[in-house]
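Convention: sequence-line order gives letters A, B, ...; per-chain numbering from 1.
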Amino acid sequence: MLRRLLLLALLASPLPLAAQDRTITVASTTSTEQSGLFGHILPIFTRETGITVRVVALGTGQALDVGRRGDADVVFVHDRVAEQRFVAEGHGVARQHVMFNDFVIVGPEAEPAGIAGSRDTAAALKRIAESRAPFISRGDRSGTHAAELRLWQQAGVDPLAGRGAWYREIGQGMGPTLNTAAAQGAYAMTDRGTWLSFRNRQGLRVVVEGDVRLFNQYGVMLVNPQRHPHVKQADGQRFIDWIVSRAGQAAIAGYRINGEQLFFPNAAQPEPVS
Amino acid sequence: MYDLQAAVTQAIGLVAAGDPTLAQIVLLSLRVSLTAVLLAALVGLPLGALLAVARFPGRGAVVAFLNALMGLPPVVAGLLIYLLLSRAGPLGSLGLLFTPTAMVIAQAVLVAPILAALTRQVLEGMWEEYAEQLRSFGAGPARAVPTLLWDGRFALLTVLLAGFGRASAEVGAVMIVGGNIEGFTRVMTTAIALETSKGDLPLALALGLVLMAIVLAVNALAQGLRERGLRLA
Amino acid sequence: MRAPDAILPLRAEGLGFRAGGVAVLQDVSFTLAAGPPTLILGPNGAGKSVLLRLLHGLLAPSAGRVAWDGPAPDPRRHQAMVFQRPVLLRRSVLANLRYPLFLAGLDRAEQDARAAEALALVGLEALADRPARRLSGGEQQRLALARAAALRPEVLFLDEPCASLDPAATGAVEQIIQALAARGTKLVMTTHDLAQARRLAGEIAFLHRGRLLEHGPAARFFASPETGEAAAFLRGELIW
């Protein structure tokens with residue numbers, strides 16, 4: 001009987017031991033994966049090229065780490081400063097702008113800081129700090145977290161002073177951050193894509209949007225094949241070339257939730273953000 | 001509660017519809033966890049049996065170490081395997097990171113100490129009973145190991161189940177070394193974590209209910225085998 | 001004497017055994033030759049079981065030695081032991097019989113032949129496929145005897161084989177023991193049951209408080225014990 005069980009386990013285990021040839025691994029961010037963008041554009045890419053893409057979705061910082069260790073072929077993230085450092089240090093090559101989306105600040109029904117409808121992020125953040133209204137931060141070195149910290153700086157507020165009181169870092173992804181904000185009746189900053197596909201809103205709603213400072217630029221780059229010889233250079237480059245091509249950009253623009261476009265392709269244009 | 005009701009409805013709907021994505025995730029979960037338990041058993045059962053029969057200096061320390069390893073947090077095991085399998089790590093050239101094989105390895109590492117420690121506990125009592133008789137037959141500890149494993153097979157089924165439970169329920173290790181890649185390394189637990197983080201709590205709960213049903217089915221199967229076996233031997 | 005694979009005679013020279021600082025056996029010396037059963041008699045705690053285990057090699061003596069003076073090169077292969085509480089494997093009756101034969105290196109056909117013979121000896125043919133541990137106490141002890149007998153040992157050690165059995169089961173076990181003795185197997189058996197000793201013994205070794213007080217033909221021992229302790233034991237006075 002035991003033998004039969006073992007046999008069952010054996011039969012069930014013809015695991016693919018190595019990756020197939022035409023497969024690349026892309027280290028990307030939770031926002032792109034969870035918004036459903038990849039589910040929309042990757043089948044189109046695979047149909048056109050025969051290349052399968054495996055997406056490992058992490059925070060931007062972690063995704064860059066994965067690239068740095070050579071565990072991915074392509075990195076597709078949204079933290080320009082960190083990306084430029086990544087390329088400058090020789091970990092990545094052929095960086096390109098791909099698209100942008102925007103961040104929004106969401107807050108509870110009760111709105112203790114009274115900032116609903118504002119288009120001035122700096123002023124809104126200052127109000128949150130002054131009223132000591134709870135704010136949930138990713139606190140996970142992600143691109144969103146980096147962007148949030150830059151916005152606090154521009155507002156002239158040091159949120160870390162409110163650490164443990166109204167400023168709460170949870171060290172997790174976008175979804176858990178929104179879950180926490182919803183549960184605690186707190187403010188949070190999120191990318192619009194994750195927000196639109198987020199279900200567990202409870203009383204949470206968008207309170208600040210449309211500020212040019214909330215734009216969020218995505219970049220794509222190849223992991224340096226000179227440093228990591230196993231990197232699938234040709235197929236990785238093919239992915240980069242495609243996503244900035246007319247076809248790839250159109251695929252990005254075509255992704256909508258409830259008729260709302262989430263990502264705005266801008267590979268060919270100058271960036272909207274500094 | 002609204003969410004729970006929605007989850008149950010959704011779980012039944014998912015299973016009834018024979019959703020191919022769900023089926024693939026379930027099959028991969030079973031494949032990874034069963035293979036991991038099998039591999040861990042190949043190491044853990046003989047090791048546990050050997051510890052049950054062998055007496056050597058430092059045995060107490062080895063037993064204590066094994067018992068401590070039972071509590072190894074999956075995330076830590078995952079991180080260790082990640083660092084080993086990463087391209088920058090010692091086994092990087094195998095290219096196993098973010099593959100189901102990496103997940104099997106991580107779960108096997110988690111489960112093997114559990115199997116070894118529990119096997120030792122189960123077989124130690126049996127060895128106390130058998131020791132004199134086996135020595136009278138001229139069988140030393142090396143010979144006793146397969147004898148105890150065979151005679152304890154039905155009790156060890158429970159040990160294997162404990163290992164399978166641990167493997168199929170853990171999320172930390174497979175998330176790190178598998179990467180939760182859709183259609184490739186996404187298993188029940190990482191899918192549940194993903195849906196939770198997307199705020200789709202009913203779907204996450206529904207997947208959880210399916211996972212529980214599978215674990216329950218495997219347990220029932222093993223329990224049936226055990227009872228039949230105990231009647232026969 | 002069965003040459004050249006005989007292991008007897010067995011010689012105990014100044015055997016002593018200490019456990020936890022207590023002397024369980026002291027300076028026990030005797031010689032056992034082929035022949036009728038030797039019964040080791042003595043009150044509880046006299047050291048009977050320990051002596052048996054020393055002779056069989058399950059325990060190492062603290063002093064003295066056990067020597068097999070026969071020509072057989074590997075004495076261990078020609079002896080077997082049955083314990084007070086039979087230790088049966090969690091397998092069928094037949095598998096229990098085969099196990100030591102397999103360890104002894106016999107091929108499958110020989111294993112089966114010997115198992116069948118042993119089952120017939122103890123009258124358990126009908127139960128061959130039963131789980132061994134589901135048998136009654138008496139059946140279990142008969143199986144343990146069959147398993148030992150299948151090894152065709154020259155010497156068979158029996159440690160209080162009937163101590164946990166009812167009278168009917170005891171009778172069945174004694175019958176088997178006598179059949180084995182008649183076949184030429186040298187039996188060395190402990191008991192604290194005087195009546196049983198009278199029924200089975202060819203010679204008696206009388207142990208008291210870890211010392212061998214008497215060793216000689218059973219008839220002489222029962223008729224005229226040489227020591228006061230043995231006499232008291234025979235009168236049923238010496239409990240300890």
**OP:** Please say whether the positively charged group of B:Arg153, taken as NZ for Lys or CZ for Arg, lies over the ring of B:Trp150, i.e. under 6.0 angstrom from the six-membered ring centre and within 45 degrees of the axis.
**Re:** yes
**OP:** Would you mind checking which part of B:Leu83 comes under 4.5 Å of any heavy atom in chain A, side chain (CB onward), backbone (N, CA, C, O), both or neither?
**Re:** both
Original post:
Which atoms of A:Glu33 come close to chain B, meaning under 4.5 Å heavy atom to heavy atom: side chain ones, backbone ones, both, or neither?
Top reply: side chain
Subject >> Pi-cation contact, B:Trp127 with B:Arg120 (under 6.0 Å, within 45°) >> reply: no
**OP:** Using side chain to side chain donor-acceptor pair (under 3.5 Å) as the criterion, list what pairs up with B:Ser86, not counting sequence neighbours.
**Re:** A:Arg69, A:Asp71
Original post:
Considering residues at least two apart in sequence or located in another chain, which fulfil the side chain to side chain donor-acceptor pair (under 3.5 Å) criterion with B:Ser33?
Top reply: B:Gln107
Original post:
Among A:Ala182, A:Gly70, A:Ser197, which has the most heavy-atom pairs under 4.5 Å with chain B?
Top reply: A:Gly70
Subject >> chain B contacts, top residue of A:Thr25, A:Leu178, A:Leu42, A:Val66 (heavy-atom pairs, under 4.5 Å) >> reply: A:Val66
